S.K.: 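One structure, as structure tokens, below. Some questions next.
In what follows, every chain begins at residue 1, and chains take the letters A, B, ... in the order their sequences are listed. Note that the structure is a prediction, hence the values are computed from the model and not measured.
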Number of protein chains: 2
Amino acid sequence: MSEQPIQTYTRADDAFDCLQTAIVKGELEPGEKIGELELCARFNLTRGPLREALGRLESRGLLVRRPHAGVKVVSVSATELMELYRVREVMEGLAARQAAERMTDQEIADLLATLDSHEQMIEEAQGLAYYQAEGDYDFHYRIATGSRNTKLVQILLGDLYYMVRMYRYRLSTSAGRPLRALSEHRRIVEAIAQRDGELAEFLMKRHINAARKNIEKKIQAGVLTL
Amino acid sequence: MSEQPIQTYTRADDAFDCLQTAIVKGELEPGEKIGELELCARFNLTRGPLREALGRLESRGLLVRRPHAGVKVVSVSATELMELYRVREVMEGLAARQAAERMTDQEIADLLATLDSHEQMIEEAQGLAYYQAEGDYDFHYRIATGSRNTKLVQILLGDLYYMVRMYRYRLSTSAGRPLRALSEHRRIVEAIAQRDGELAEFLMKRHINAARKNIEKKIQAGVLTL
DNA sequence: CTTGAATCTGCTGTTAACAATACACTCGTC
DNA sequence: GACGAGTGTATTGTTAACAGCAGATTCAAG
């Protein structure tokens with residue numbers, strides 16, 4: 001038993017994870033030009049695996065690379081961030097629809113339980129940041145995997161979320177939003193529980209759209225610099 | 001003048017392109033386990049750049065890699081291919097909508113001209129394969145770029161199209177489809193020309209849906225093995 | 001003859017040295 | 001004094017040799 005193939009990790013994988021989280025958490029500033037050996041010293045690895053990781057990150061759009069000129073963290077403009085949310089809108093809408101068709105009853109029950117715990121989080125922390133950063137991510141993460149759509153999961157979890165989280169980190173969450181977001185989450189799960197894919201898709205798209213407008217408002221108000 | 005930054009190409013880039021086209025054209029069979037030095041000999045390069053290219057391709061989902069066990073070309077099941085088309089449906093729908101809002105009049109005129117040349121292609125070749133393989137790709141390519149949505153372009157052109165084309169190559173095109181597809185293309189462009197984003201999105205989604213059903217039918221008929 | 005384990009080979013992962021290129025600085029000239 | 005060309009250095013791209021793991025083969029025992 002325990003026939004798990006013991007996913008052996010390589011240093012390139014470690015480098016990839018380290019860099020990705022470093023970028024997401026803002027330890028590496030967007031637009032910052034960074035040298036390879038500097039990174040090697042920082043994460044205790046050699047250039048071979050590092051370069052492989054850099055290639056992967058570039059391919060995912062978190063880095064930009066100019067030959068012989070070095071790599072720099074991608075800096076997304078305000079409009080590009082909005083475009084990203086437009087993509088999320090249709091992708092997560094699809095995810096919600098397929099999740100409604102395919103999630104098991106057990107998964108749906110778990111998802112509901114997760115929402116309860118999120119509610120507690122919000123109350124306890126009077127709470128803002130944590131929910132937006134992790135809880136919300138958790139919710140969308142589960143729906144994505146619940147879609148059973150390999151490519152969809154790959155894009156949402158592999159590409160989009162990391163970029164979204166990257167900006168969440170420097171985005172003070174607005175006061176009223178978490179509670180409203182939670183109620184929107186509940187309605188989405190209700191639709192999924194009723195196996196109403198069409199409704200789930202509609203609600204999810206509206207949910208993402210609301211989040212987008214929320215950020216847009218902040219940018220125009222000058223809260224978010226970029 | 002000529003201030004083009006002379007995009008200097010590195011060997012890793014070459015390796016990436018070579019491998020990608022080799023996979024797309026079916027020169028490397030799906031599921032085939034391939035050794036690194038074998039590839040080095042085949043494409044005249046060394047392991048360093050090759051490994052970097054392999055990392056990028058894995059990150060894009062065209063290869064799967066098991067540590068110490070080698071790489072193999074991804075083999076997509078029939079259901080996974082259908083899921084891919086579902087993703088395309090919503091993504092290209094969005095692309096069409098945004099293209100209707102943002103393409104210049106010149107671009108639209110060019111697109112129409114392209115469709116005319118496609119029509120000629122079909123007539124000349126009594127034609128099936130070429131249109132489906134390249135012309136159709138060209139059409140969708142232009143609409144994607146016309147959306148002016150960086151991330152959308154990145155995903156559609158970087159991830160999805162190569163995988164779609166990979167299966168187009170071993171998919172004998174059905175007789176009636178090209179002409180019908182062309183007329184669908186025309187109607188989409190008309191909607192774009194009228195700046196009717198909503199309609200363009202609807203027509204594009206229906207177009208992709210029809211293509212999906214077409215393939216689905218073939219798979220059930222046993223024409224396509226996978 | 002089958003099954004199990006231990007070795008052994010070949011590959012992948014890693015490392016360190018080499019070559020080529022872009023950026024910066026200096027020097028010369030206008 | 002300002003601008004341009006040429007050189008120099010530092011960083012990236014590349015190559016080749018080393019280390020470690022996975023799978024295959026072989027041998028022995030039941």
Side-chain angles (χ1 to χ4, degrees), chain A residues 1-20 22-23 28-75, chain B residues 1-20 22-23 28-75:
Chain A
M1 294 304 109
S2 77
E3 202 47 82
Q4 305 306 67
I6 314 163
Q7 193 83 324
T8 146
Y9 277 100
T10 168
R11 306 215 174 188
D13 293 328
D14 291 342
F16 182 77
D17 291 339
C18 285
L19 280 172
Q20 183 158 271
I23 292 172
L28 297 172
E29 289 290 315
E32 183 181 356
K33 264 120 183 167
I34 43 185
E36 290 186 0
L37 34 81
E38 182 182 349
L39 292 173
C40 290
R42 189 162 178 171
F43 296 108
N44 272 354
L45 26 94
T46 52
R47 287 183 58 212
L50 179 85
R51 282 182 62 83
E52 200 174 320
L54 290 178
R56 284 199 244 176
L57 286 167
E58 183 198 17
S59 165
R60 292 202 176 183
L62 270 75
L63 293 178
V64 289
R65 225 173 169 182
R66 247 188 12 190
H68 299 96
V71 298
K72 69 173 198 276
V73 180
V74 72
S75 65
Chain B
M1 293 305 108
S2 77
E3 202 46 80
Q4 304 306 66
I6 314 162
Q7 193 82 322
T8 145
Y9 276 101
T10 168
R11 306 217 174 187
D13 293 328
D14 290 343
F16 182 77
D17 291 339
C18 285
L19 281 172
Q20 185 159 273
I23 292 172
L28 298 172
E29 289 290 315
E32 182 181 358
K33 264 120 185 167
I34 44 186
E36 289 185 2
L37 33 80
E38 183 182 348
L39 292 174
C40 290
R42 191 162 178 172
F43 298 107
N44 273 353
L45 25 94
T46 53
R47 287 184 57 214
L50 180 85
R51 282 182 63 83
E52 199 174 320
L54 290 177
R56 286 199 243 175
L57 287 166
E58 183 199 17
S59 164
R60 293 202 176 183
L62 270 75
L63 293 177
V64 288
R65 226 173 167 183
R66 246 188 10 192
H68 299 97
V71 298
K72 69 171 198 276
V73 181
V74 72
S75 66

S.K.: Report, one line per pair, each donor and acceptor closer than 3.5 Å where one atom sits in a side chain of residues 45-55 of chain B; sequence neighbours left out.
M.R.:
unit_1: B:Arg47; atom_1: NE; unit_2: B:Glu36; atom_2: OE1; d: 3.0
unit_1: B:Arg47; atom_1: NH2; unit_2: B:Glu36; atom_2: OE1; d: 3.1
unit_1: B:Arg51; atom_1: NH1; unit_2: B:Glu36; atom_2: OE2; d: 2.9
unit_1: B:Arg51; atom_1: NH2; unit_2: A:Glu52; atom_2: OE1; d: 3.3
unit_1: B:Glu52; atom_1: OE1; unit_2: A:Arg51; atom_2: NH2; d: 3.3
unit_1: B:Glu52; atom_1: OE2; unit_2: A:Arg65; atom_2: NH1; d: 2.9

S.K.: Please state how far atom CG in A:Asp14 lies from atom P in C:dG13, giving the value in whole angstrom units.
M.R.: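 For the pair A:Asp14 CG and C:dG13 P, the rounded distance is 13 Å.
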S.K.: Rounded to the nearest 0.5 Å, how far does CG of B:Asn44 lie from CG of B:Leu39?
M.R.: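 With rounding to 0.5 Å, CG (B:Leu39) is 12.0 Å from CG (B:Asn44).
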S.K.: How close or far is atom P of D:dG23 from atom NZ of B:Lys72, stated in whole angstroms?
M.R.: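 Going from B:Lys72 (NZ) to D:dG23 (P), I get 12 Å.
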S.K.: Applying side-chain contact (heavy atoms from CB on, under 4.5 Å) between B:Leu63 and each of B:Val74, B:Leu57, B:Leu28, report the one that passes.
M.R.: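 Running side-chain contact (heavy atoms from CB on, under 4.5 Å) over B:Val74, B:Leu57, B:Leu28 with B:Leu63 returns exactly one hit, B:Leu57.
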S.K.: One character per nucleotide, please: for nucleotides 12-19 of chain D, 5' to 3', B when the base has a protein heavy atom closer than 4.0 Å, S when only the sugar-phosphate does, - otherwise.
M.R.: BBBBSB--
S.K.: In whole Å, I'd like the distance from the CG atom of A:Leu39 to the P atom of D:dT11.
M.R.: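 It works out to 12 Å between those atoms.
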S.K.: Measure the CG-CZ distance between B:Leu62 and B:Arg60 for me, rounded to the nearest 0.5 Å.
M.R.: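 If I round to the nearest 0.5 Å, the distance is 8.5 Å.
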S.K.: Take atom CG of B:Leu50 and atom P of C:dC11, then tell me their distance rounded to the nearest Å.
M.R.: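 In whole Å, C:dC11 P and B:Leu50 CG are 14 Å from each other.
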S.K.: Between B:Glu32 and B:Ile23, is any pair of side-chain heavy atoms under 4.5 Å apart?
M.R.: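 No - every pair of side-chain heavy atoms lies 4.5 Å or more apart.
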